[in-house]
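Chain letters run A, B, ... following the sequence lines, proteins first, then strands; residues in each count from 1. A quick note: this is a predicted structure, and the numbers were derived from the prediction, not measured.
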Amino acid sequence: MNFLPRFTKSLRLYRLKSSLTATETSAAAQNQKFLVPQEPVKSKIDPKKLPPRTKIDADTIALLERLSLVDCANKQGIETLEEAIAFADQIQQVDTTNVEPLITVLEDRPLRTRQDSVTEGNCRAEVLSNASLTEEDYFVAPPGNIPLEARENLLYDELQQDNKPV
Amino acid sequence: MLKNLCRHVSKDYYPSLELRRSITNKSDNKWTSVVGLEVHAQINTVSKLFSGAPTNFSSPVNTNVSFFDCSIPGTLPVLNEKCVEYGVLTALALNCRVNPVSTFDRKHYFYADIPSGYQITQQRHPLANDGKLEFQVFTPGFHKTPYRTQVRIKQLQLEQDSGKTLHDVDRSLVDLNRAGVPLMELVFEPDLKDGEEAAALLKELITILQRIGTCSCKMEEGALRVDANVSVHKKGDPLGVRTETKNIGSVRGVAGAIRYEIDRQIKIKESGGEIENETRAWDAVNKTTVAMRDKERQQDYRYMPEPNLPPLHLAMGPVEHGCVNVDDLRKSLPELPEETRSRLRDDFGLNLEQSIILVNEKSFLELFEGACRSRKLQGKLLANLLINEYTNVLHKMDLEPSQVTFDSEYFGEIVELVQTGQISRNIAKLVLDEIIHGNHKNPLQIIKENNWMQITDENELIKLCQNVIEENEKIVTQYKSGKTKVFKALLGLVATKSKQRANMAKCDRILKELLSK
């Protein structure tokens, strides 16, 4: 499971590209192989093999609004989201057999650890200094999570949205 | 004997008669209950999991907080090596498969007491998987005999704790002292049947963790937290909907909470209702579970790999490089409770029940081993004196065994005196009483001062018994006319007359002889 070769290969490619742009017209560059394609490359994604477009229903958009606190429960928002999902679906056509998922390029480096001893803490004044409201050295927060209530007319259409003052 | 065994475990342990009857009736009912536990154990280190802030309990508010713990931008987590060591030790003690490579993940959710908005845990590739714990289930007063069962451990992972929130009507107050404290999360498979099995499992787990020193297990300090997942179903049906019960503060609380929850679910199902998949809180005062209001129904934790922490490698077998060496840690494991129980049975001749009780109560075990160190004592007698006489005295004074430090040398002396017949068991109890009340003299001195040596001289005993017979004509006539039960009363009178000093075995024989004349 050694990913270093792939990493260094892309590193070489990057260096090669940057040297090309710097010395494009120089004589030395003419002897080097161009790795930037001269013609546009056709996408290997077969649109016929894509999974069916995911439809976002009212419950899902209400949940997404509640989790993200982003105002997206309207026709345009749903349209944008469905487009994004369809775009991401393309990645499923890449063949990943026998390839382990890469999470970090540092995967074969030792994780740095520290000894068990007290080296920090005891800086209450600094810790509390960013808080807007404190009480007797406690941080003050609202009473528990107040979940966003779903709106009545969830999928209000564009006309109404355009008429609203932005 | 059984009642004495019950009293050894504190007063709340002994379930009332009605409750026991109602539970035994369930066995002929069609319902089966399934219980799974989730335990969060605080790792016994001096500093936190990813920062150098201290972990000591009851520090002033917000003083055990470093810049990383309160999520000041620009801070990064650095793993505490001892946490890994203790995590691996625990995994080995629970027969888990330790993973040579494990990774850290972020579990996102909004709450005032996690300033970063996520908790660093090990969801996908935890430290250890697939463990197994065998233990004895025996609640005196509830079970007639101990039985053995086993539970599987799904995974063991390292994770951060969140801060503490004090709830008020219109606001919450947040103390981040606890934020970032290292926890081991132990996820057990739902192999348990009821609350008593869960309590037994917990007791065994606490004994193991305290033995290997990885967790203090003080539930009252929050060092050990248990969540119980309970569901019921009819035999042959698939598993029912489960509920999660939190906020349990003691081992007996676990048994009580699970018992209540099983009853509640059965009642709902029998009246045709459905169980809601919810989180409930244990109310120890009213002994009920209540629905928790502040829990959102659908939680999407958006797990993602922690980008600031590369994978954790452990050295084991042929792999030499790693954070800690698993094989070395395996060699350093001390004797585990199950091994101690076997040793007590094999080397000292104790029976199963005695070995369970001794290992469960740390102070008993210490007294036992201390007393045996310098003297040749009969194991069974020593164990009986601990479990019966010693416990009785403590119970009368409203003390728990863990609250008393009794000199094991003195205990050994007392047992030796009983063994050689120099004092009776009742006198032994009086001597124990004296010493616990603060008498600093050694047992032999106390016995001599109070003139408590056992009367074994045959003639003296005959005289004693004769006196009792003469003074109690009525009872003697009752006995001679066939009411043999009153013999015990006569024996009791002999004991009282001799101020508990008579050798009861001999008196028994002598009294019978005299009465038969």
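- Only the backbone of A/P142 comes within contact range of chain B, judged by heavy atoms closer than 4.5 Å.
- For residues 311-322 of chain B, a heavy-atom distance under 4.5 Å to chain A picks out B/P311, B/L312, B/H313, given by residue number.
- The number of heavy-atom neighbours closer than 6.0 Å to CZ of A/R109, taken from other residues, nucleotides and ligands shown, is 12 or below.
- Contact annotation for B/V101: neither backbone nor side-chain heavy atoms come within less than 4.5 Å of a heavy atom of chain A.
- Contacts of A/T104 with chain B are made by side-chain atoms alone, with heavy-atom separations under 4.5 Å and no backbone atom involved.
- Contact annotation for A/L133: neither backbone nor side-chain heavy atoms come within less than 4.5 Å of a heavy atom of chain B.
- Applying the 6.0 Å contact sphere to CG of A/N98 captures no more than 12 heavy atoms from other residues, nucleotides or ligands.
- Atom CG of residue A/D137 and atom CG of residue B/L173 lie 11.0 Å apart, to the nearest 0.5 angstrom.
- For the pair B/D170 and A/P143, the tightest heavy-atom approach, listed with the atom from each and the gap, is O-CD, 3.4 Å.
- Near-neighbour residues of residues 46-64 of chain B relative to chain A, defined by a heavy atom under 4.5 Å from a heavy atom of that chain, comprise B/V46, B/S47, B/K48, B/L49, B/F50, B/S51, B/G52, B/A53, B/P54, B/P60, B/V61, B/N62, B/T63.
- Using a 4.5 Å cut-off between non-hydrogen atoms, the part of residues 76-87 of chain B that approaches chain A consists of B/V78, B/L79, B/N80, B/E81, B/K82.
- Atoms CE and CD1, on B/M304 and A/I103 in that order, are 11.0 Å from each other to the nearest 0.5 Å.
- The interface of residues 114-124 of chain B with chain A, defined by heavy-atom distances below 4.5 Å, is empty.
- Contacts between B/D175 and chain A at a heavy-atom distance below 4.5 Å involve backbone atoms as well as side-chain atoms.
- The number of heavy-atom neighbours closer than 6.0 Å to NE2 of B/H108, taken from other residues, nucleotides and ligands shown, is above 12.
- Both the backbone and the side chain of A/L106 have a heavy atom closer than 4.5 Å to some heavy atom of chain B.
- If you tally non-hydrogen atom pairs under 4.5 Å between each of A/T113, A/D116, A/V127 and chain B, the highest count goes to A/D116.
- Enclosure of atom CZ in A/R112 is not indicated, since only 12 or fewer non-hydrogen atoms of other residues, nucleotides or ligands lie within 6.0 angstrom.
- The greatest number of non-hydrogen atom pairs below 4.5 Å with chain A, out of B/N177, B/L166, B/D113, is found for B/L166.
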